[in-house]
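One structure is given here, and the rest of the page talks about it.
When a ligand or atom number is given, it counts from 1 through the structure's own listing order.
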Amino acid sequence: MKKVVKFGGSSLASASQFQKAASIIKAEKSRRYVVPSAPGKRFDGDVKVTDMLYDCYETAIGGKNFDKKLTKIQERYNEIIEGLHLNLSLDKEFEQIHDFFMKGAGKNYAASRGEYLNGIVMAAYLGFPFVDAAEVIFFDRDGNFDSEKTNKTLSAKLAKMECAVIPGFYGAMPGGAIKTFSRGGSDITGSIVARAVKADLYENWTDVSGFLVTDPHIVENPESIETITYRELRELAYMGASVLHDEAIFPVRSEGIPINIRNTNDPSAPGTMIVESTCKKPKYTITGIAGKKGFAAVNIEKDRMNSEVGFGRKVLSVFEENGISFEHIPSGIDTMSVFVQQSEFEEKEQKVLAGIHRMVKPDYLEMESDLALVAVVGRGMRSTRGTAGRIFSALAHADINIRMIDQGSSELNIIIGVDSKDFERAIRAIYDIFVTARL
Ligand code: ASP
């Protein structure tokens with residue numbers, strides 16, 4: 001059994017959190033490859049080391065004195081090192097970081113130091129060898145992750161190592177310049193390492209006991225999800241549910257390696273298993289509910305639209321020309337609506353409207369804003385009758401007007417458009433009917 005364990009920032013924010021992580025790692029021999037994040041928040045209102053580094057580097061390139069800010073960052077590490085009674089000094093590393101900041105080594109380099117240094121501390125504490133991610137994780141010239149080169153180098157390197165600490169979040173470009181993934185990217189590194197060593201399991205240790213059925217800011221104490229498939233997760237993550245970085249599933253998915261989301265502060269909780277596919281019946285008909293506000297819709301009407309071949313293509317080409325991606329396109333005989341993200345659309349709306357007029361000469365064109373989309377996701381829906389009926393009656397009872405309905409062809413999700421003001425109530429109504437009332 002071989003496991004890759006990734007620890008998030010809050011799991012490594014202080015010496016006591018480090019101790020928890022280390023005892024989790026030592027509890028099982030199979031936990032051999034460790035991917036740490038940078039120290040996160042120790043308490044509400046605290047600042048993540050990654051953000052301190054960004055800020056410090058900004059000061060440096062602004063030509064101002066950044067010594068104080070860098071010392072504050074070193075103090076974060078020293079507090080951990082002292083708390084763990086380690087005989088380790090990061091003075092040399094901080095001197096080098098200072099020099100590189102002076103030379104303008106870049107924002108990516110600056111941010112990556114959070115994980116790099118935490119990796120050194122973690123390796124010293126565990127007695128594991130340290131592997132600099134810059135030597136094994138690669139990006140191409142355009143800054144895209146180079147999965148094949150990485151997989152070749154990383155798997156060859158780790159094949160010779162019984163155990164290792166590989167810092168998350170960054171890698172190197174062809175010339176050696178450091179590049180990071182987007183924020184939260186240590187999740188991706190963990191997945192890449194799991195693929196490279198052909199792990200049996202990728203454990204992602206964070207500060208919640210797995211995925212929740214819905215957002216705890218909307219429903220108080222929602223249940224957690226035991227098992228979720230990659231596809232369900234992707235639907236929910238796209239709609240805003242965030243525990244794991246969106247792109248973290250791809251490397252392990254290609255190898256069929258499951259991900260287990262676990263809680264460092266509650267290691268006995270089983271967390272959520274993310275799998276390719278499962279025979280396990282979900283506990284409820286639905287697996288999860290997520291949603292987002294901030295959508296706009298462009299409604300187009302034209303008599304006999306149905307017989308005008310190429311109508312949809314022409315409309316969508318206007319969005320394409322303006323660099324706007326669409327979310328959904330519900331349509332009727334003589335009507336078609338295009339749902340887009342409002343923030344992306346706002347500055348280009350007049351251009352888009354003019355473009356549609358030019359392309360298809362509609363009888364009527366109208367725009368709506370402040371719409372929200374709610375995604376009800378579940379592999380169980382395909383084999384259950386009446387799911388849509390129950391959703392709609394729950395919303396009707398809650399006095400919520402449905403503005404749009406879209407069931408994906410995978411029968412894995414039903415997307416419902418409502419007014420933004422009804423968003424939270426819609427999620428609560430759906431949660432209540434499926435989870436609380438178990439209908
Ligand atoms: N430390 C980075 C961030 O704050 C990456 C990570 O934690 O995954 O985004």
Side-chain angles (χ1 to χ4, degrees), residues 4-14 17-18 20-21 33-58 69-70 72-74 76-77 79-80 90 93 97 105-123 130-134 136-137 139 143 145 150 165-172 178-195 202-208 211 233 237 240-252 259-265 274:
V4 170
V5 287
K6 180 258 166 179
F7 286 89
S10 59
S11 299
L12 301 173
S14 63
Q17 289 300 88
F18 255 79
K20 287 185 198 169
Y33 303 100
V34 181
V35 176
S37 279
K41 295 184 183 180
R42 293 160 294 181
F43 43 82
D44 263 359
D46 196 13
V47 184
K48 290 170 128 196
V49 164
T50 310
D51 291 312
M52 295 171 85
L53 283 160
Y54 279 128
D55 178 54
C56 182
Y57 185 69
E58 273 293 301
K69 290 188 173 175
L70 198 59
K72 268 224 146 82
I73 299 171
Q74 186 165 6
R76 287 287 302 263
Y77 287 97
E79 194 186 297
I80 296 171
L90 296 177
E93 267 76 19
I97 293 169
K107 221 171 138 180
N108 281 255
Y109 166 80
S112 75
R113 295 306 87 185
E115 272 67 13
Y116 171 78
L117 296 165
N118 228 20
I120 294 177
V121 177
M122 181 57 116
F130 173 78
V131 175
D132 186 354
V136 286
I137 307 256
F139 294 87
F145 170 57
T150 298
V165 173
I166 309 105
F169 193 37
Y170 70 94
I178 299 289
K179 161 129 184 77
T180 62
F181 292 107
S182 56
R183 294 300 302 263
S186 298
D187 285 341
I188 309 175
T189 309
S191 183
I192 292 166
V193 175
R195 176 187 176 204
Y202 167 27
E203 284 180 347
N204 188 294
W205 291 84
T206 171
D207 53 8
V208 289
F211 256 91
L233 177 73
S242 67
V243 172
L244 192 71
H245 192 292
D246 263 5
E247 281 165 44
I249 59 174
F250 296 116
V252 283
I259 308 174
N260 191 192
I261 308 283
R262 299 285 292 266
N263 189 348
T264 306
N265 304 316
I274 307 167

So is there a nitrogen or oxygen of Ser37 less than 3.5 Å from a nitrogen or oxygen in ligand 1? yes
Using a 4.0 Å cut-off to any heavy atom of Arg183, which atoms of ligand 1 qualify? 3 (C), 4 (O), 9 (O)
Give yes or no for whether the N/O distance cutoff of 3.5 Å, strictly under, is met between Ser186 and ligand 1. yes
If you count heavy atoms of other groups shown closer than 6.0 angstrom to NZ of Lys20, is the number above 12? yes
Could you check whether Arg113 makes a cation-pi contact with Tyr170, meaning its NZ or CZ is under 6.0 Å from the centre of the six-membered ring and within 45° of the ring axis? yes
Against heavy atoms of Lys48, which atoms of ligand 1 measure under 4.0 Å? 3 (C), 4 (O)
Hey, does Ala38 come in under 3.5 Å of ligand 1, counting only N/O atoms on both sides? no
Heavy-atom donor-acceptor pair, Asp46 side chain to Arg42 backbone, under 3.5 Å: yes
Main-chain N/O of His245 paired to Arg183 side chain as donor or acceptor, under 3.5 Å: no
Taking all non-hydrogen atoms of both residues, which atom of Pro167 and which atom of Val131 are closest, and how far apart? CD-O, 3.1 Å
Tell me, please, whether Tyr54 has Lys107 positioned over its six-membered ring: NZ or CZ under 6.0 Å from the ring centre and within 45 degrees of its axis? yes
Numbering the atoms of ligand 1 from 1, which are under 4.0 Å from a heavy atom of Glu115? 1 (N), 2 (C), 5 (C), 6 (C), 7 (O)
Numbered atoms of ligand 1 (with element) below 4.0 Å of Gly184, judged on heavy atoms: 3 (C), 5 (C), 6 (C), 8 (O), 9 (O)
